[in-house]
Amino acid sequence: MVTPKSLAKQRKAGKVMSVVSIAKLTEAEEMLFSAYDERAEKSSQSDAAIAVLKANGLPTRRVESWHYTDLRSVLKNVPAEVGEAVSGKVDTLVGNASLLALDALSNHEKADFRFDDAIGQLNGAFATSGSSLNVGAGEKLESPKEIQNAVEGKAAHTTHTVSFADKSSGTVIERQLGEGGFATSVTNLKIGNEAEVSYIIVQGKGVEATHLGQINVTLGADANFTLFVLNTGGKLVRQEIRINVAGEGSDFQLRGVNLIGDGQHIDVTMDLCHNVPNTTSEEIIRNVVTGKGKGVFQGRIAVAQIAQKTDAKMACNTLLLSDEGDFSTKPELEIFADDVACGHGATFTDLEPSYLFYLMSRGIPEKEARALLIKGFVDEIVEDLDHEALEEAIVSIIDSWLDQNG
Amino acid sequence: MLEIKNLHAQIAEDGTEIIRGLNLKVEQGEVAAIMGPNGSGKSTLSYILAGREDYEVTSGDILFNGESILEMDPAERAASGVFLAFQYPVEIPGVPTMTFLKTAMNAQRKARGEDELATPDFIKLVKEAAGKLSINMEMLKRPLNVGFSGGEKKRAEILQMALLSPELCVLDETDSGLDIDALKIVSDGVNALREQNRSFLVITHYQRLLEHIVPDSVHVLYKGQIIQSGDKSLALELEANGYAEIIGKAA
């Protein structure tokens, strides 16, 4: 049997390649594995993480959850140099937000590592730093906290740990920045009973960047959690959202906007588990695809046998503005309880011609009318944030994307 | 002001001819009513004037202030002064009414080489015009026409007309779906906009609207042609005798 320990021993003895047998390594796999072998700082955990990855290789389309993002073939190469993500190079998204530092990871934070998928494995093998925030019981954050994760050119891996204790509340903004490079960023978020939390992920990287993100959330009883995800940048992006609804009476809201331009591949994959009775969730994803952009939304909702009275709704709406663009959506409901209300819907449309005609008949030129309609399509769900400054900041990011791509 | 010359037009998709040699002249400041039975081409005519792509003009011409507008897209026509008040205004989710109004007003100003409106001036203009039409400002914060009642939608159309101050207003069955009170508010709104250098083309099925908006001329449209023209008494005649007699005479 291959265990992390035995692998570590074998590695020391230089035997690792002989116990691991996968097909010929891709260039990216070779670079990743040799980068790990050259790492000075290793732990039994990072060894365990890389061991699983070495055993399986990067996921291909044959791995169901990676079917639409064949990482092994699309990840052509990764930067040889592993560096650190940086924070504080740009202003916070909203004026009154305070920036959280990026620090070396503590053992406690490493204990949260999950190696059950490729992003977790890569992150577990390489992450050395991250931000952390612990909001105490009953504490109300007056203004948002912001995590900045900027990666320039090289590879960088971070793990962020956030917890909201019982009856606390607040907003956290996670910004994924930088012009290029290869990043994994995993966030582990624990939300206590009766806590009210908004978490905003804003990924606006450069068009050469590869970004693999993951957020793992555990939701306590009677807690309210809103997650907002905005993807506008990156060449190859996957954002995983994994929600464990573990406390009765809790509510989860997901709003996602993916603006996908020519040459970009953006994948949002959600795995939502309603594990206890009387919980609710609603997910609305809006996508805009232009040029040869490619997008993916996979939404899995699992309802455990005991999770009676679950009310879960999911919608994925896509504006396909180009014949060469591509968007795949896969809803998946796995329901073991018998008294639930679960639904999903997906639409794919071009801009509605009667809307366009109406706007133009008022003197709005076609390009401007199209932009107004695209903006309306995505702004509609930004309003659900119910936080004026944040809405404005996000809408202005959307506006500048539309100026360049609309 | 508006001159439609031997116009032929068809549905672009299947080639069905709807307008079959239509001639019409509307002078500056004139209120012309177009009446006709269902299926005579009334709404089609309004869409063709506004430039909707679903229809294709196969021959003839539409001159507006002496120039053909056939090559202009809907936005260019609007900027040159044509306004269509829709029979069924569409609901556009996600686009706040105020944003829409401001974009439209500024786009037209820009097309005419004027400066854009500053926000306070814009809001003042909207408040004034909205007040006259009993539209409250809360309604205008909502997405365009979304959840508006039938009457609110028609009032919003007239509000846009007032703010964009076009030279030619085409009203497509503006009375449909209105109760008496709403009809009065809407026609008062239209009448307030009547002036020397603004013309109206009022398309309607019933005479009822013309009691409120009194026309200078009335034209009967049937099978894509104007088969009879007259003054406002023609509308009363139609109301009394129906379309059959006039159609019979024309055939």
Side-chain angles (χ1 to χ4, degrees), chain A residues 228 230 255-259 284-288 315-319 321 345 347 349-386 388 391-392 394-396 398-399 401-403 406, chain B residues 12-13 46-55 72-97 99-112 141-146 153 156-157 159-161 163-166 170 172:
Chain A
F228 186 93
L230 173 65
R255 297 294 180 272
V257 173
N258 297 305
L259 305 179
I284 305 176
I285 307 292
R286 293 272 164 101
N287 313 294
V288 178
C316 178
N317 313 111
T318 303
L319 265 185
L321 298 178
T347 60
T349 52
D350 193 352
L351 289 176
E352 170 59 39
S354 66
Y355 295 179
L356 200 58
F357 173 60
Y358 188 91
L359 296 181
M360 288 179 71
S361 79
R362 299 309 184 234
I364 303 173
E366 181 168 2
K367 191 172 188 278
E368 229 178 304
R370 291 177 70 88
L372 203 57
L373 290 175
I374 301 167
K375 185 174 151 55
F377 174 74
V378 291
D379 281 1
E380 207 183 359
I381 68 163
V382 179
E383 285 161 22
D384 290 350
L385 271 175
D386 213 16
E388 204 170 325
E391 282 170 41
E392 268 174 31
I394 287 171
V395 163
S396 90
I398 291 171
D399 287 350
W401 187 89
L402 285 175
D403 278 349
Chain B
E13 203 174 25
S46 72
Y47 286 144
I48 289 171
L49 286 170
R52 192 169 182 141
E53 276 182 354
D54 308 43
Y55 302 95
M72 295 174 149
D73 78 14
E76 292 165 334
R77 294 182 194 200
S80 78
V82 179
F83 181 93
L84 168 62
F86 285 74
Q87 182 178 6
Y88 302 111
V90 290
E91 300 192 359
I92 307 188
V95 177
T97 308
T99 307
F100 157 74
L101 290 174
K102 195 171 176 207
T103 310
M105 287 170 79
N106 280 334
Q108 293 208 14
R109 293 175 76 94
K110 215 168 127 190
R112 292 193 293 260
K141 286 182 186 155
R142 280 154 49 193
L144 185 55
N145 291 325
V146 175
K153 279 181 188 162
E157 293 289 291
L159 173 69
Q160 293 172 36
M161 197 163 92
L163 291 170
L164 295 169
S165 54
V170 181
D172 184 11

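Residues Ala369(A) and Ile364(A) approach most closely at N-CG2, 3.6 Å, considering heavy atoms.
When the candidates Pro89(B), Pro74(B), Pro96(B) are compared by the number of heavy-atom contacts under 4.5 Å with chain A, Pro74(B) comes out ahead. The choice from Gly51(B), Gly94(B), Ala111(B), Ala75(B) that makes the most heavy-atom pairs within less than 4.5 Å of chain A is Ala75(B). Comparing Glu91(B), Met161(B), Gln160(B), Arg77(B) by how many heavy-atom pairs each has under 4.5 Å with chain A, the most go to Gln160(B).
Annotation: side-chain contact (heavy atoms from CB on, under 4.5 Å) contacts of Glu76(B) (sequence neighbours excluded): Met72(B), Asp73(B).
Counting only distance, with no hydrogens or angles, the side chain of Thr103(B) and the backbone of Thr99(B) share a donor-acceptor pair below 3.5 Å.
At a 4.5 Å heavy-atom cutoff, Leu101(B) makes no contact with chain A through either its backbone or its side chain.
Contact of the Lys153(B) side chain with the Phe86(B) side chain is not registered, since no non-hydrogen atoms from C-beta on lie closer than 4.5 Å.
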